[in-house]
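The structure appears below as structure tokens.
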Amino acid sequence: MVEIANTSETLTQLIHGLGYSSILDFAREQAKGIIQQKIAYYKSRVDYFEQKYGMNFEIFCQNFEQIKQHTVFEKEDDSITWESSIDAVNAYQQDLLALNQ
């Protein structure tokens with residue numbers, strides 16, 4: 001088992017041993033993995049609302065007043081969470097694109 005990496009040299013050796021050419025490459029790959037997890041999480045929230053209402057967010061906003069099976073408060077709360085989830089997906093996708101360049 002490897003001792004805890006507490007020096008730059010030890011950390012570099014450990015990262016090279018894992019198959020990465022540099023600490024930067026390792027950090028980039030780790031960041032990509034975390035961002036992909038966040039995208040998946042927020043996409044699942046978007047999917048939940050699309051299934052709940054049977055439409056995408058744009059159509060939901062257009063038909064907000066006509067949706068009668070849910071209360072106004074529920075629709076407003078869902079709208080905020082839904083929109084923020086879409087925004088998060090878009091922001092994280094931009095971050096992922098930046099890391100891939």
Side-chain angles (χ1 to χ4, degrees):
M1 183 171 297
V2 177
E3 289 185 31
I4 295 175
N6 57 6
T7 68
S8 178
E9 185 179 318
T10 304
L11 182 59
T12 301
Q13 289 174 355
L14 176 62
I15 288 171
H16 287 297
L18 293 172
Y20 296 93
S21 60
S22 69
I23 292 174
L24 182 59
D25 287 343
F26 173 78
R28 184 180 295 113
E29 289 304 313
Q30 293 302 306
K32 285 180 187 179
I34 292 167
I35 290 170
Q36 289 167 338
Q37 289 174 355
K38 293 200 178 275
I39 289 170
Y41 169 74
Y42 286 108
K43 277 186 175 181
S44 74
R45 290 175 66 169
V46 170
D47 291 345
Y48 167 79
F49 290 116
E50 287 179 349
Q51 289 177 5
K52 179 176 181 177
Y53 290 98
M55 61 191 81
N56 66 28
F57 185 70
E58 184 179 331
I59 294 171
F60 169 80
C61 291
Q62 292 170 359
N63 296 325
F64 188 88
E65 297 299 326
Q66 289 74 37
I67 300 169
K68 301 296 183 193
Q69 67 268 34
H70 302 281
T71 67
V72 172
F73 295 117
E74 180 181 10
K75 292 186 297 186
E76 287 175 350
D77 285 347
D78 287 350
S79 175
I80 292 166
T81 304
W82 196 349
E83 185 173 26
S84 66
S85 296
I86 291 169
D87 291 344
V89 168
N90 292 333
Y92 282 123
Q93 285 176 334
Q94 289 300 313
D95 290 343
L96 193 57
L97 283 174
L99 280 175
N100 285 325
Q101 292 180 356

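Judged as a ring pair (Phe, Tyr, Trp, His ring centres under 6.0 Å), the pairs with a partner in residues 8-37 (not counting sequence neighbours) are, in order, Tyr20-Phe26.
With values rounded to the nearest 0.5 angstrom, Asp47 atom CG is found 10.5 Å from Trp82 atom CH2. To the nearest 0.5 Å, atom OG of residue Ser85 and atom OH of residue Tyr48 are 11.5 Å apart. The CD1 atom of Ile86 sits 11.0 Å away from the OG1 atom of Thr81 when rounded to the nearest 0.5 Å. Separation of atoms OG1 (Thr71) and CG (Asp77) is listed at 8.0 Å; rounding is to 0.5 Å.
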Under 3.5 Å, which donor-acceptor pairs link side chains of residues 36-43 to any protein atom two or more places apart or in another chain?
from	atom 1	to	atom 2	distance (Å)
Tyr41	OH	Arg45	NH1	3.3

Would you tabulate the side-chain donor-acceptor contacts of residues 53-68 under 3.5 Å, counting partners in other chains and residues two or more places apart, or write 'none'?
from	atom 1	to	atom 2	distance (Å)
Tyr53	OH	Asp78	OD2	2.5
Asn56	OD1	Glu58	N	3.2
Asn56	OD1	Ile59	N	2.9
Asn63	ND2	Ile59	O	3.3
Lys68	NZ	Glu65	O	3.0

Solution key, residues 91-101 side-chain donor-acceptor pairs under 3.5 Å, sequence neighbours excluded:
from	atom 1	to	atom 2	distance (Å)
Asn100	OD1	Lys32	NZ	2.9
Asn100	ND2	Leu96	O	3.2

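Residues satisfying the side-chain hydrogen bond (donor to acceptor under 3.5 Å, both in side chains) criterion with Ser21, sequence neighbours excluded, are Asp25. Among residues two or more places apart in sequence or in another chain, the salt bridge (charged side-chain N to carboxylate O under 4.0 Å, His left out) test is passed with Glu74 by Lys52.
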